[in-house]
Amino acid sequence: MPDRYFYPGILASDDLKLLHETVRNVLQVESGEGAARDPEAVARIVLRLYRTGLTEHDKLLQLAGLMVDRQALVGGPVF
């Protein structure tokens, strides 16, 4: 059993690599309105989704992109 099950708040290097790649990919994709995405907001959304159990890169990327765009439309936090 990996050590991260004993310490759920600690992220392993594989976790950090996945989060980093996802944030970079979300920032590279242009939003529908062409506005620049806030890196800090993207990172917060990706981390929240990851901590809820969404650990597949493609699904995490798609949902984070949708949530960032929604946040830009609504003008406030998504969740």
Side-chain angles (χ1 to χ4, degrees):
M1 176 186 319
D3 289 340
R4 69 178 171 193
Y5 294 118
F6 293 113
Y7 304 101
I10 297 175
L11 298 172
S13 61
D14 291 339
D15 299 325
L16 292 174
K17 181 180 176 186
L18 176 74
L19 293 171
H20 178 72
E21 289 176 3
T22 304
V23 169
R24 287 188 61 197
N25 290 342
V26 170
L27 290 173
Q28 288 175 352
V29 174
E30 295 272 336
S31 65
E33 300 172 355
R37 294 177 170 173
D38 179 26
E40 188 175 327
V42 171
R44 265 190 256 117
I45 288 171
V46 169
L47 182 59
R48 283 186 188 141
L49 290 172
Y50 189 81
R51 287 191 167 193
T52 60
L54 187 59
T55 58
E56 292 181 40
H57 176 70
D58 293 335
K59 291 181 181 179
L60 185 60
L61 177 64
Q62 291 174 355
L63 187 56
L66 288 172
M67 292 180 73
V68 169
D69 290 343
R70 172 119 171 104
Q71 183 174 358
L73 287 174
V74 174
V78 179
F79 70 101

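We number each residue from 1, following the sequence as shown. These values consider heavy atoms only, across backbone and side chains, with no hydrogens, waters or symmetry-generated copies.
Between atom NE2 of residue His57 and atom CD of residue Gln62 there is a gap of 9.5 Å, rounded to the nearest 0.5 Å. The CG atom of Asp58 sits 12.5 Å away from the CG atom of Leu63 when rounded to the nearest 0.5 Å. Separating the CG atom in Leu60 from the CG atom in Leu47 is a distance of 10.0 Å, to the nearest 0.5 Å. For the atom pair CG of Leu11 and CG of Leu18, the computed distance is 10.0 Å after rounding to the nearest 0.5 Å. Considering OG1 of Thr55 and CG of Asp14, their distance stands at 11.5 Å, rounded to 0.5 Å.
Contact record, Ala64 with Val46: CB-CG2, 3.8 Å, taken as the closest heavy-atom pair.
Listed by chain and residue number, Lys59 satisfy the salt bridge (charged side-chain N to carboxylate O under 4.0 Å, His left out) test with Glu56 (two or more places apart in sequence, or in another chain). With sequence neighbours left out, His20 forms a side-chain hydrogen bond (donor to acceptor under 3.5 Å, both in side chains) with no residue at all.
Looking at heavy atoms from C-beta onward, Val26 lies in side-chain contact with Leu61 at the 4.5 angstrom threshold.
Here the side chain of Asn25 pairs no donor or acceptor atom with the backbone of Thr22 at under 3.5 angstrom.
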